[in-house]
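Worksheet: the structure to be examined is printed underneath.
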Amino acid sequence: MISRIDLRGDALPEGPALRDLLPRADFDVQAALEKVRPICEDVHHRGDAALIDFAAKFDGVRLESVRVPAQALADALAGLDADVRAALEESIRRARLVHRAQRRTAHTTQVVPGGAVTEKWVPVERVGLYAPGGRSVYPSSVIMNAVPAQEAGVESIALASPPQADFGGLPHPTILAACALLGVDEVYAAGGATAVAMFAYGTESCPPANMVTGPGNIWVAAAKRYFTGRIGIDTEAGPTEIAILADDTADPAHVAADLISQAEHDPLAAAVLVTDSPDLADAVEKELEPQVAATKHVDDRIRPALAGRQSAIVLVDGVEEGLKVVDAYGAEHLEIQTADATAVADRVRNAGAIFIGPWAPVSLGDYAAGSNHVLPTGGCACHSSGLSVQSFLRGIHIVDYTKDALAEVAHHVVTLAEAEDLPAHGAAVKARFGWKVPETK
């Protein structure tokens, strides 16, 4: 059901050579880019009419309006199962606790007497959030996108999710109910690349946004790449990933369950176990069969994901080598199930989120840990972070110098300007002092 990669015996290669040995899904965003280009441009030129036509083509529904009526949000919340509502409310509460603590405040550095630089943090003005609605429906993604944007102070927040034929062309009612709980009342029935294009260009019903965030399929990722530079994005999210670094102290039933939990997302989902224990590897393989057989989505998602080239059990000589492997892999979700897991986790450099020990499964982070589950995939954790309050903030430097403070450093500014053959830069300083550089004290 799952392949093995044996990296024992020889010294592990460094950098790209090690990454090339590790499993990874085929996810060609560049190829998809050429297919989404005409879709995006059609939305640009025809606005809501294009969104309505694409909903008929891709989602099988003929919309009267792309904007979701306020009454639909209220009805969805009123009809929400009480237990689901309680779970969503607790997820929101915990997410707010964590994300509120991420707020940044302005800081002023007194560089010299009379010369100061202040860094202030300003939220983006308008954000478009995306909540997927393909194989599964993710009200949790509504929370993970909306809460950090709200805690950052974003004033205008809109959300898009694909229209559902089963619900009269509206997004899934649980998505709408989550929006209502969060106070997000600007919601659109638009999916995939069309939703990103709607936010990037704006249409008759939807003003353009400064930024688009949220996970999605390859078409969402391709549209984000297409609009990078016009709008800000969080990340080009690829198929979900779990890597588990485990030794012989790990419970094979837990490890198998956690691998399956990510495999049920998508046939391209990656499930990777890195271990120095052949006995654990054998035990996990034995656990996979009965656990897979006992769950849903077996043939269309879980088995293809576990059997795919993106999933494997990787054997290493020790936890030290395992750390090198998981750092090279840069997993979206990384579980540490080893002896002294906290100390091992502290040494990890590259991961979207780290889950320590047997009682912190990825599922907890997906819903109710308080952490964010919109995380970098495809190895991007080596240079990118997950969604947070900071994602929606811009740092602006404010320079405040007196005449004396400028005079003190003027000769350095002029010298560097002339060294770069930019004499007008220096002249802008000289003009303030009668075209003569002040002498330093």
Side-chain angles (χ1 to χ4, degrees), residues 94-127 144-157 209-213 228-235 342 345-354 370-372 374-376 380-441:
R94 293 183 179 212
R96 288 208 188 282
L97 285 174
V98 172
H99 291 84
R100 189 163 293 161
Q102 298 171 355
R103 289 178 175 173
R104 294 188 176 188
T105 56
H107 178 78
T108 298
T109 301
Q110 200 68 41
V111 182
V112 294
V117 175
T118 298
E119 185 173 43
K120 72 172 183 177
W121 295 92
V122 181
V124 295
E125 185 176 352
R126 177 170 166 80
V127 172
M144 298 299 171
N145 279 272
V147 167
Q150 290 173 334
E151 294 301 325
V154 177
E155 292 184 359
S156 178
I157 298 175
N210 306 109
M211 183 177 186
V212 173
T213 72
T228 297
R230 184 182 184 92
I231 56 172
I233 66 167
D234 50 349
T235 184
T342 300
D346 192 52
R347 298 177 59 199
V348 174
R349 295 183 60 88
N350 301 329
I354 303 172
S371 58
N372 204 292
V374 182
L375 301 167
C380 292
C382 67
H383 56 72
S384 299
S385 304
L387 201 65
S388 71
V389 167
Q390 284 92 306
S391 303
F392 299 96
L393 295 174
R394 295 161 295 135
I396 300 175
H397 280 183
I398 302 170
V399 180
D400 185 4
Y401 269 56
T402 64
K403 180 178 180 180
D404 288 346
L406 176 60
E408 182 187 31
V409 77
H411 66 293
H412 286 314
V413 175
V414 172
T415 297
L416 290 173
E418 292 176 351
E420 293 188 349
D421 193 26
L422 297 172
H425 281 60
V429 173
K430 292 178 183 179
R432 285 162 168 77
F433 298 102
W435 300 96
K436 181 178 180 182
V437 179
E439 294 183 2
T440 56
K441 298 180 181 177

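Just the heavy atoms: all of them, side chains too, but no hydrogens, waters or symmetry mates, feed the values below. Keep in mind that what you see is a predicted model, and the values were worked out from it rather than measured.
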Worksheet item: Which atom pair, heavy atoms only, marks the closest approach of H99 to N372?
Response: NE2-ND2, 3.2 Å
Worksheet item: If only atom types and distance count, is the side chain of R394 paired as donor or acceptor with the main-chain N or O of P123 below 3.5 Å?
Response: yes
Worksheet, complete the sentence: What one should report as the nearest heavy-atom pair of P113 and A405 is O-CB, 3.7 Å
Item to complete: Walk me through it: do Q102 and V98 pass the test side-chain contact (heavy atoms from CB on, under 4.5 Å)?
Response: CA-CA 7 Å; Q102 298 171 355; V98 172; 4.1 Å; yes
Worksheet item: At their closest point, which heavy atom of A353 faces which heavy atom of L375, and how far apart are they?
Response: CB-CD1, 3.8 Å
Fill in: Atom CZ of R432 with >12 non-hydrogen neighbours under 6.0 angstrom
no
Fill in: Heavy-atom closest contact (L393 atom, A152 atom, distance)
CD2-O, 3.6 Å
Discussion item. Measuring from atom CD of E439 to atom NE2 of H411, what distance do you get when rounded to the nearest 0.5 angstrom?
Written reply: 11.0 Å
Worksheet item: Which distance, rounded to the nearest 0.5 Å, do you find between the CD of E119 and the OG1 of T105?
Response: 10.0 Å
Fill in: Side-chain touch V111/V117, heavy atoms, less than 4.5 angstrom
yes
Worksheet item: Can you check side-chain contact (heavy atoms from CB on, under 4.5 Å) on V374 and T213, steps first, answer last?
Response: CA-CA 9 Å; V374 182; T213 72; over 6 Å; no
Worksheet entry | Pairwise distance CG(D234) to OG(S388) - rounded to 0.5 angstrom | 10.5 Å
Worksheet item: From E408 CD over to T402 OG1, what is the distance, rounded to the nearest 0.5 angstrom?
Response: 9.0 Å
Item to complete: Write down the atom of S391, the atom of M211, and the distance for their closest heavy-atom approach.
Response: O-CE, 3.1 Å
Worksheet entry | Greater than 12 external heavy atoms within 6.0 Å of E125's CD | no
Discussion item. So V124 and V154, do their side chains get closer than 4.5 Å, heavy atoms only?
Written reply: yes
Worksheet item: Hey, mind stepping through K403 and F433 against side-chain contact (heavy atoms from CB on, under 4.5 Å) and telling me if it holds?
Response: CA-CA 9 Å; K403 180 178 180 180; F433 298 102; 3.9 Å; yes
Discussion item. With side-chain contact (heavy atoms from CB on, under 4.5 Å) as the criterion, how do M144 and L387 come out once you've worked through the C-alpha distance, each side chain's angles and the decisive distance to 0.1 Å?
Written reply: CA-CA 8 Å; M144 298 299 171; L387 201 65; 5.7 Å; no
Worksheet entry | For V112 against Y401, the heavy-atom pair lying closest together | CG2-CE2, 4.3 Å
Worksheet item: Hey, what do you get for CG (N145) to CZ (F392), rounding to the nearest 0.5 Å?
Response: 6.0 Å
Discussion item. Distance check, rounded to the nearest 0.5 Å: N350 atom CG versus S384 atom OG?
Written reply: 10.5 Å
Worksheet item: Taking the side chain from R100 and the backbone from E151, do they hold a donor-acceptor pair closer than 3.5 Å?
Response: no
